[in-house]
Structures are given as structure tokens and as C-alpha cells.
Undergrad: 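The structure follows.
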Amino acid sequence: MENHVKLLNAAAFAAKKHRDQRRKGNDSAPYINHPLEVAKMLASVGGVDDADVLIAAILHDTIEDTETSEDEIRELFGDRVASIVVEVTDDKSLPKQARKEKQVEHAPHLSSEAKQLKISDKISNITDVLNNAPDGWSVERRIEYVKWGERVFAGLRGENQKLDDYFLKLAENAKKQLAEIV
Ligand code: NDP
Ligand code: ZN
């Protein structure tokens, strides 16, 4: 299948899977906006033009947050896409705090593709925590989120200078702006 067709198929597949979900921010954006933003970040800021990585970005929250299996992704989009998506999928059987620590521990062991995807994921989420935070989050909790993101990033950096620079600037900016609110 041609790459652009495969990419659009992934967008349609993810949109369908996430159809009943919304982001937690006060604009309650459709969930699909986030994976599309992550793929766009990889391509536009990171200069990534590897179709499998962009497709994995579009699909990155389907196994974790919807009724989607690894096999389903493998059949439709191939082994490489499936393995990248699995790499960035949290083990949902663990409690939230343990999952957060696992992300920090696992980050250095991910493939280069998964590391770049995960940095883009953190960029998208920290941007939302800054401009469109989940309802009910205090400023302290938003700052905590950025700091945890920085700990994960420490194990991900070094694969893509442009994404690294973007993350570093964003995290500094976010901490500064949030500190001014307190
Ligand atoms: P999370 O930290 O899991 O929520 C953030 C996640 O939600 C993101 O990583 C993102 O994941 C997704 N998301 C959806 N919409 C948004 C948005 N608008 N902005 C940012 N992220 C968004 O928090 P939970 O609410 O699930 O809480 C559980 C964790 O929070 C526990 O670890 C607990 O210890 C901690 N906690 C901390 C408190 C504090 O005050 N410090 C208080 C209460 C809990 P994805 O990329 O998958 O979409
Ligand atoms: Zn995500």
C-alpha cells in the first residue's frame, strides 16, 4: 500500500477508535486531535519522514485507551508499526503512580523511533497542561506534571536535536509561566 494511503487509513482508524473520547482540558477537544498533533510534531518540528513512525504516532494511544489489540494493528499496518505502538503503551494493570515511574525507567531502553514519538507525546501533553489543562488540576499539579515529563525526557533525549530543543524550551517556559500563576 502506498504510504500516504496507509497514513490516511491510520488517521481514519484512530478517529474511529477514539470516537467517544475527549481530551481532559476545558475545551474538551476530540481525543483524535492529540495523536494527530503528535504525528504533526514529529514531521514538522522533528523532520521525521518515516511513514511507519508517523503512523505509529497516530495510533499511539489506541491500545492503551481503546479496544484495540496489537494483532489488529499488526494485520492492518505491519510489524514495525505494531512494535513501535507497543513500546509506547503503558501497562494498564499497574496503578497510576507505578506507571509513571515505569515510564521514567523504561525511557532509555526504547528504540530511537519510540523515543522520538514519546518526546512528541510529552510535548503535546505539556502544551495542553500549560494552555488547556485537565479540569480541576491545581497549578502545583500542573508543575508536577512538567517535572515528571522532564524526568521521562532525560531518558529519551539524544535522538533528534530539533525535538530535544523544542522540548527543553517548552518545559522551561511552562515552569516559568506556571510559577508566575502561583
Ligand atoms: P495523568 O497524569 O495520567 O493525566 C495526564 C494524562 O492524561 C496525559 O499524560 C495525557 O495522556 C492525558 N490527557 C488527556 N487530556 C489532557 C490534557 N488536556 N492535558 C494533559 N494531558 C491530557 O493524570 P490522572 O488524572 O489520570 O491522575 C493520576 C496521577 O496523578 C497519579 O499518578 C496521581 O498520583 C497523580 N495525582 C497528582 C495530584 C497532585 O496534585 N499532584 C493529585 C491527584 C493525582 P495521553 O498522552 O495518554 O493522552
Ligand atoms: Zn498520548
Side-chain angles (χ1 to χ4, degrees), residues 10-11 13-46 48 53-68 70 73 81-82 84-107 110-111 113-156 163 166-167 170-171 173-175 177-179 181-182:
F13 176 88
K16 203 167 173 184
K17 291 290 188 173
H18 290 295
R19 68 187 176 279
D20 295 324
Q21 298 169 342
R22 301 238 151 213
R23 293 290 282 170
K24 294 189 227 169
N26 56 18
D27 71 353
S28 297
Y31 197 88
I32 188 64
N33 290 18
H34 162 69
L36 291 176
E37 210 173 270
V38 173
K40 192 178 81 179
M41 177 64 49
L42 276 165
S44 63
V45 173
V48 172
V53 180
L54 301 178
I55 289 166
I58 290 172
L59 301 174
H60 83 271
D61 278 329
T62 56
I63 297 181
E64 195 171 300
D65 295 336
T66 77
E67 290 290 318
T68 303
E70 180 183 348
I73 292 183
V81 170
I84 299 169
V85 175
V86 166
E87 275 193 277
V88 301
T89 298
D90 279 359
D91 177 355
K92 278 243 176 156
S93 67
L94 295 171
K96 270 279 166 70
Q97 201 51 46
R99 280 163 57 188
K100 295 212 151 191
E101 285 309 313
K102 261 227 150 82
Q103 285 201 30
V104 177
E105 287 164 25
H106 279 166
L110 297 178
S111 66
E113 293 87 342
K115 282 181 177 170
Q116 294 175 69
L117 198 168
K118 220 158 167 53
I119 290 176
S120 303
D121 189 28
K122 291 288 174 276
I123 288 172
S124 172
N125 286 338
I126 290 173
T127 303
D128 277 348
V129 162
L130 186 60
N131 301 320
N132 201 2
D135 296 332
W137 282 31
S138 65
V139 174
E140 290 77 12
R141 185 163 177 195
R142 291 159 73 191
I143 292 171
E144 284 301 304
Y145 189 91
V146 177
K147 289 184 175 166
W148 168 71
E150 290 181 310
R151 290 173 61 218
V152 182
F153 171 77
L156 301 170
L163 289 175
Y166 191 102
F167 179 94
L170 172 68
N173 216 9
K175 284 190 295 183
Q177 284 191 43
L178 291 168
I181 302 174
V182 178

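Atoms within a ligand are numbered from 1 in the order they appear, just like the ligands themselves. Because only heavy atoms are used, hydrogens play no part in the values below, and waters and symmetry mates are left out as well, while side chains stay in.
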Undergrad: Purely on distance, is any nitrogen or oxygen of S138 under 3.5 Å from one on ligand 1?
TA: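 Min N/O separation from ligand 1 is not below 3.5 Å for S138.
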Undergrad: Heavy atoms only: which of R142, R141, R22 lies closest to atom 41 (N) of ligand 1?
TA: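 It is R141 that holds the nearest heavy atom.
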Undergrad: Between D65 and K92, does any NZ, NE, NH1 or NH2 come within less than 4.0 Å of an OD or OE carboxylate oxygen?
TA: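 Salt bridge present between K92 and D65.
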Undergrad: So is there a nitrogen or oxygen of G25 less than 3.5 Å from a nitrogen or oxygen in ligand 1?
TA: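 Yes; at least one N/O pair falls below 3.5 Å.
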Undergrad: How does K100 reach ligand 1, if at all, at less than 4.0 Å between non-hydrogen atoms: by side chain, backbone, both, or neither?
TA: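 Answer for K100: side chain.
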Undergrad: Using heavy-atom distances only, which candidate in K24, Q97, E101 approaches atom 33 (C) of ligand 1 most closely?
TA: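 Of the listed residues, Q97 has the closest heavy atom.
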Undergrad: Going by the atom numbers of ligand 1, which of them fall below 4.0 Å from some non-hydrogen atom of Y31?
TA: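 Answer for ligand 1: 45 (P), 47 (O), 48 (O).
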Undergrad: For residues 119-141, which residue pairs pass the ring pair (Phe, Tyr, Trp, His ring centres under 6.0 Å) check, not counting sequence neighbours?
TA: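 For residues 119-141: W137-Y145.
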Undergrad: Does S111 offer a backbone N or O that forms a donor-acceptor pair with the side chain of E87 under 3.5 Å?
TA: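 Yes; at least one donor-acceptor contact below 3.5 Å.
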Undergrad: Examine the proximity of ligand 1 to H34 and report which part, side chain or backbone, both or neither, has a heavy atom under 4.0 Å away.
TA: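 The side chain, only.
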Undergrad: Apply side-chain contact (heavy atoms from CB on, under 4.5 Å) to E37 and list each qualifying residue two or more places apart in sequence or on a separate chain.
TA: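 In terms of side-chain contact (heavy atoms from CB on, under 4.5 Å), with neighbours along the sequence ignored, E37 is linked to S124.
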Undergrad: Measure N132 to ligand 1 on non-hydrogen atoms and call it side chain, backbone, both or neither using the 4.0 Å cut-off.
TA: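 The answer is the backbone of N132.
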Undergrad: Count up the protein N, O or S atoms sitting under 2.8 Å from the Zn ion (ligand 2), would you?
TA: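 Count of protein N, O, S atoms less than 2.8 Å from the Zn ion (ligand 2): 4.
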Undergrad: Can you find an N/O atom of W137 closer than 3.5 Å to an N/O atom of ligand 1?
TA: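 No; the residue has no nitrogen or oxygen that sits under 3.5 Å from a nitrogen or oxygen of the ligand.
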Undergrad: Closest heavy-atom contact between I126 and A174?
TA: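 Taking every non-hydrogen atom into account, CG2-CB, 4.0 Å.
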Undergrad: We want to know whether D121 and H60 form a side-chain donor-acceptor pair, criterion being a heavy-atom distance below 3.5 angstrom.
TA: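 Yes, side-chain donor-acceptor contact under 3.5 Å.
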Undergrad: Which pairs with one or both residues in residues 123-138 pass salt bridge (Lys or Arg N to Asp or Glu O under 4.0 Å), sequence neighbours excluded?
TA: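 Qualifying pairs, neighbours excluded: R23-D128.
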Undergrad: So for ligand 1, is W148 a polar contact partner (N or O within less than 3.5 Å, distance only)?
TA: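 For ligand 1, there is no N or O atom that lies under 3.5 Å from one belonging to W148.
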Undergrad: Return yes if some donor-acceptor pair links the side-chain N/O of K17 with the main-chain N/O of E67 below 3.5 Å, else return no.
TA: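 Here the side-chain-to-backbone pair exists.
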Undergrad: Can you name the atoms of ligand 1, numbered from 1 with element, that are less than 4.0 Å from a heavy atom of D61?
TA: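 Once the distances to D61 are compared, the set is 45 (P), 46 (O), 47 (O), 48 (O).
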Undergrad: Looking only at N/O atoms, are E144 and ligand 1 under 3.5 Å apart anywhere?
TA: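 The answer is no, given that E144 and ligand 1 share no N or O pair closer than 3.5 Å.
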Undergrad: Tell me whether H60 has any N or O atom under 3.5 angstrom from an N or O of ligand 1.
TA: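 There is no such contact.
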